[in-house]
Amino acid sequence: MKKMLAASVLAFSVPSAPLSAPPAEAPTPATAPTSTASPVTALPAPTGDYPVGETNLHLIDSSRPDPWVVGRDVRELMVSIWYPARKGGGRLAPYVTPRESELIIRAVPQLDGVPADTLARTTTHARADAPALRRKGGWPLVVLSPGMSLPRATMTSLAEEFASRGYLVAGIEHTYESVATTFPDGRTVTFEAGKAGQTRETGAKVARVRAADTEFVLDRLSRSKRWSRLIDERNVAMVGHSAGGQSAAHLLPVSRRIKAAVNLDGTYNPGTPARPLDKPFMMVGNPRHQPRTGGPDSSWDAFWPHVTGGWKRWLTVTGAEHMSFVDYAVLQPQLGLPAAALDGERAVTITRKYVTAFLDLHLKGRRRPLLDRPSGDFPEVRIW
């Protein structure tokens with residue numbers, strides 16, 4: 001199991017488990033970074049007009065036992081909320097806890113010489129618990145679901161961008177599906193899901209669990225006096241990476257709340273949805289996901305005919321790898337690990353631009369020609 005986590009936690013050369021990721025492209029580096037200096041890790045700044053705040057919620061679903069650990073009679077979740085904030089100071093929100101950072105880094109042999117708390121010192125751009133900026137009618141809501149074994153923090157650069165552009169964002173940590181989840185009482189739990197093997201049955205269970213987690217979080221936010229006043233519940237989208245992307249696709253057609261969804265490089269397992277996707281949907285992936293490639297992952301070709309809505313897009317990004325769509329695109333080279341062919345900052349920019357355009361179109365009703373044709377500004381992106 002440790003080897004699987006080492007391949008999937010920072011996973012810069014070997015992507016997440018087969019539930020949600022295609023095979024590796026590049027070899028794992030043979031040696032650890034040689035520099036004795038502590039790496040400096042930082043995320044790209046958001047580009048929108050609004051300052052960003054972040055807070056964390058500890059939610060307990062007493063209506064169901066935990067699906068991954070026998071004897072846990074409730075499901076506990078940690079959720080990060082990013083939002084447009086009022087101007088002002090305050091400390092920057094931490095990226096991960098020191099214990100989470102330690103478990104992530106120590107699972108990767110190539111990072112043996114890197115201080116255990118390095119990721120806990122990553123520079124973010126949201127202010128912890130900053131006062132929220134209110135808007136009449138609320139802000140459109142974006143739910144984020146990370147890849148298998150990956151913490152919700154791995155989607156921070158996207159969350160901060162969306163919040164800076166006028167969205168409220170909820171990043172869900174799917175407990176026991178992450179390498180490390182720390183609760184307010186100091187407990188840190190680790191990965192349990194799928195230890196028995198990555199089968200079709202496990203994939204179906206992951207999709208069911210994440211659907212239940214997402215609907216529970218949406219319920220709790222709608223009932224919260226604090227958050228319900230800040231959310232436009234008529235306009236909700238879901239964006240997922242890897243296992244989170246395929247889960248978003250499966251949830252979209254059966255959820256009454258979710259209006260649109262994006263899959264960032266997630267392989268489909270199960271390969272077909274329970275119902276056709278008749279709402280706006282976009283898939284964004286690395287070149288292995290080009291139509292009819294005959295490559296090791298043909299799930300996108302099989303899934304695509306089930307996307308029946310009037311608006312749908314299939315995008316591939318030249319030079320991208322599985323982790324190019326989340327924070328690890330930039331953290332990899334900062335830690336001294338191999339970079340993807342596509343520069344990490346460029347990968348983050350592309351993902352932000354295209355997903356924000358999708359959200360603007362379908363949650364705010366703003367026309368975004370970027371999604372309709374190839375762009376000279378982004379020649380790496382192919383639209384199918």
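Keep in mind that the numbers below use all heavy atoms, side chains included, and drop hydrogens, waters and symmetry copies. The structure displayed is predicted, hence computed values, not measured ones.
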Between Met78 and Thr181, which heavy-atom pair has the shortest distance, and what is it?
CG-CG2, 4.0 Å

Student check: side-chain heavy atoms of Leu363 and Lys259 closer than 4.5 Å
yes

Salt-bridge contact Asp372-Arg313 (side-chain N to carboxylate O under 4.0 Å):
yes

Under the side chain to side chain contact (heavy atoms under 4.5 Å, CB included) test, residues paired with Ala347 that sit two or more places apart:
Ser324, Ala329, Leu342

Looking just at side-chain N and O atoms, do Glu215 and Ser255 make a donor-acceptor pair shorter than 3.5 Å?
yes

Scanning both residues in full, the closest heavy-atom pair of Trp139 with Leu133 reads NE1-O, 2.8 Å

Taking the six-membered ring for Trp, is the centroid-to-centroid distance between Phe378 and Tyr354 below 6.0 Å?
yes

Mind checking whether Trp314 and Pro291 have side chains closer than 4.5 Å, heavy atoms only?
yes

State the CZ-OG1 distance between Arg366 and Thr356, to the nearest 0.5 angstrom.
11.5 Å

Contacts of type salt bridge (charged side-chain N to carboxylate O under 4.0 Å, His left out), residue Asp185, not counting sequence neighbours:
Arg187

Consider side chain to side chain contact (heavy atoms under 4.5 Å, CB included). Of Thr123, Thr118, Val330, which one does Thr41 pass it with?
Thr118

Within one Ile-Leu-Val-Met-Phe-Trp-Tyr cluster: Val96 and Leu92, side-chain cutoff 4.5 Å
no

Who passes salt bridge (charged side-chain N to carboxylate O under 4.0 Å, His left out) against Glu100, sequence neighbours left out?
none

Is Arg64 atom CZ crowded by more than 12 heavy atoms from other residues, nucleotides or ligands, each under 6.0 Å away?
yes

Quick one: does NZ or CZ of Lys87 land under 6.0 Å from the six-membered ring centre of Tyr50, within 45 degrees of the ring axis?
no

Verify the distance criterion only: is there a donor paired with an acceptor across the side chains of Glu76 and Thr175 at less than 3.5 Å?
no

Tell me whether the rings of Trp300 and Tyr268 are parallel (<30°), tilted (30 to 60°) or perpendicular (>60°).
tilted

Dump the intermediate steps for side chain to side chain contact (heavy atoms under 4.5 Å, CB included) on Thr202 and Asn269, then the final yes or no.
CA-CA 9 Å; Thr202 302; Asn269 180 18; over 6 Å; no

Would His362 and Phe281 count as a ring pair (Phe, Tyr, Trp, His ring centres under 6.0 Å) here? Give the steps.
CA-CA 10 Å; His362 297 295; Phe281 181 65; over 10 Å; no

Are Phe183 and Val74 co-members of a hydrophobic cluster defined by side-chain heavy atoms under 4.5 Å apart?
no

Side chains of Thr214 and Ser145: closer than 4.5 Å at any heavy-atom pair?
no

Apply side-chain hydrogen bond (donor to acceptor under 3.5 Å, both in side chains) to the pair Thr47 and Arg165, showing each step before the final yes or no.
CA-CA 8 Å; Thr47 64; Arg165 292 187 171 275; 2.9 Å; yes

If you measure from CG on Leu252 to CD1 on Ile258, what distance do you get to the nearest 0.5 Å?
7.0 Å

Run Thr308 and Asp278 through side-chain hydrogen bond (donor to acceptor under 3.5 Å, both in side chains) and show every step you take.
CA-CA 5 Å; Thr308 61; Asp278 58 357; 5.8 Å; no

Within a strict 4.5 Å, meaning less than it, do heavy atoms of the Asn286 and Glu321 side chains meet?
no

Please step through side-chain hydrogen bond (donor to acceptor under 3.5 Å, both in side chains) for the pair Glu160 and Trp82, ending with a clear verdict.
CA-CA 7 Å; Glu160 292 181 341; Trp82 292 266; 4.6 Å; no

So how far is it from Asp66 CG to Asp73 CG, rounded to the nearest 0.5 Å?
10.0 Å

Considering non-hydrogen atoms only, spot the tightest contact between Tyr176 and Arg75 and give its length.
CD1-NH1, 4.2 Å

Check Leu370 against Ala357 and note the closest heavy-atom contact, atom names and distance.
CD2-CB, 4.2 Å

Distance (rounded to the nearest 0.5 Å) between Lys312 NZ and Leu371 CG:
15.5 Å

Take Met155 and Asp327 through the test side chain to side chain contact (heavy atoms under 4.5 Å, CB included) and record every step on the way to the result.
CA-CA 6 Å; Met155 302 186 79; Asp327 299 348; 5.8 Å; no

Following the transitive rule for hydrophobic clusters with a side-chain heavy-atom cut-off under 4.5 Å over Ile, Leu, Val, Met, Phe, Trp and Tyr, establish whether Val348 and Val40 coincide in one cluster.
no

Under a 4.5 Å cut-off applied to non-hydrogen side-chain atoms, are Met282 and Asn263 in contact?
no

Do Leu150 and Tyr328 have side chains that get closer than 4.5 Å, going by heavy atoms?
yes

So with a 6.0 Å cut-off around NZ of Lys353, is the heavy-atom count from everything else above 12?
no

With no hydrogens and no angle check, do the side chains of Gln290 and Trp384 hold a donor and an acceptor under 3.5 Å apart?
no

Could you list the residues that satisfy side chain to side chain contact (heavy atoms under 4.5 Å, CB included) with Ser222, not counting sequence neighbours?
Glu233

Pair Glu380-Ile350, side chain to side chain contact (heavy atoms under 4.5 Å, CB included): steps then yes or no
CA-CA 9 Å; Glu380 305 94 334; Ile350 288 171; 3.7 Å; yes

Flag the pair Ile105 / Ser101 as yes when at least one side-chain heavy-atom distance between them is below 4.5 Å, and no otherwise.
yes

A side-chain contact here means heavy atoms from C-beta on lying under 4.5 Å apart; do Phe162 and Leu144 qualify?
yes

Residues Gln246 and Thr267: closest non-hydrogen pair is CB-O, 3.3 Å

Chi angles and distances behind the side chain to side chain contact (heavy atoms under 4.5 Å, CB included) call for Val79, Phe216
CA-CA 11 Å; Val79 179; Phe216 167 70; over 6 Å; no

Under 3.5 Å, is there a donor-acceptor pair linking the side chains of Arg152 and Asn56?
yes

Pair Asp213 + Arg210, salt bridge at N-O below 4.0 Å
no

Could you pull out the closest heavy-atom pair between Arg135 and Pro140, with the gap in Å?
NH1-CD, 4.4 Å

Sorted by chain and residue number, the salt bridge (charged side-chain N to carboxylate O under 4.0 Å, His left out) partners of Arg368 (sequence neighbours excluded) come out as Asp360

Let me confirm one number: the CD-NE2 distance from Glu161 to His125, rounded to the nearest 0.5 Å.
10.5 Å

Are Met148 and Val69 connected into the same hydrophobic cluster when the rule is that any two of I, L, V, M, F, W, Y join if their side-chain heavy atoms are below 4.5 Å apart?
yes

Do Lys279 and Trp311 form a cation-pi contact, if we require the NZ or CZ to be under 6.0 Å from the six-membered ring centre and within 45 degrees of the ring's axis?
no

Sequence-distant partners of Arg208, salt bridge (charged side-chain N to carboxylate O under 4.0 Å, His left out), two or more places apart:
none

Taking only Lys NZ, Arg NE, NH1 and NH2, and the carboxylate oxygens of Asp or Glu, determine whether Lys205 and Glu201 approach each other closer than 4.0 Å.
no

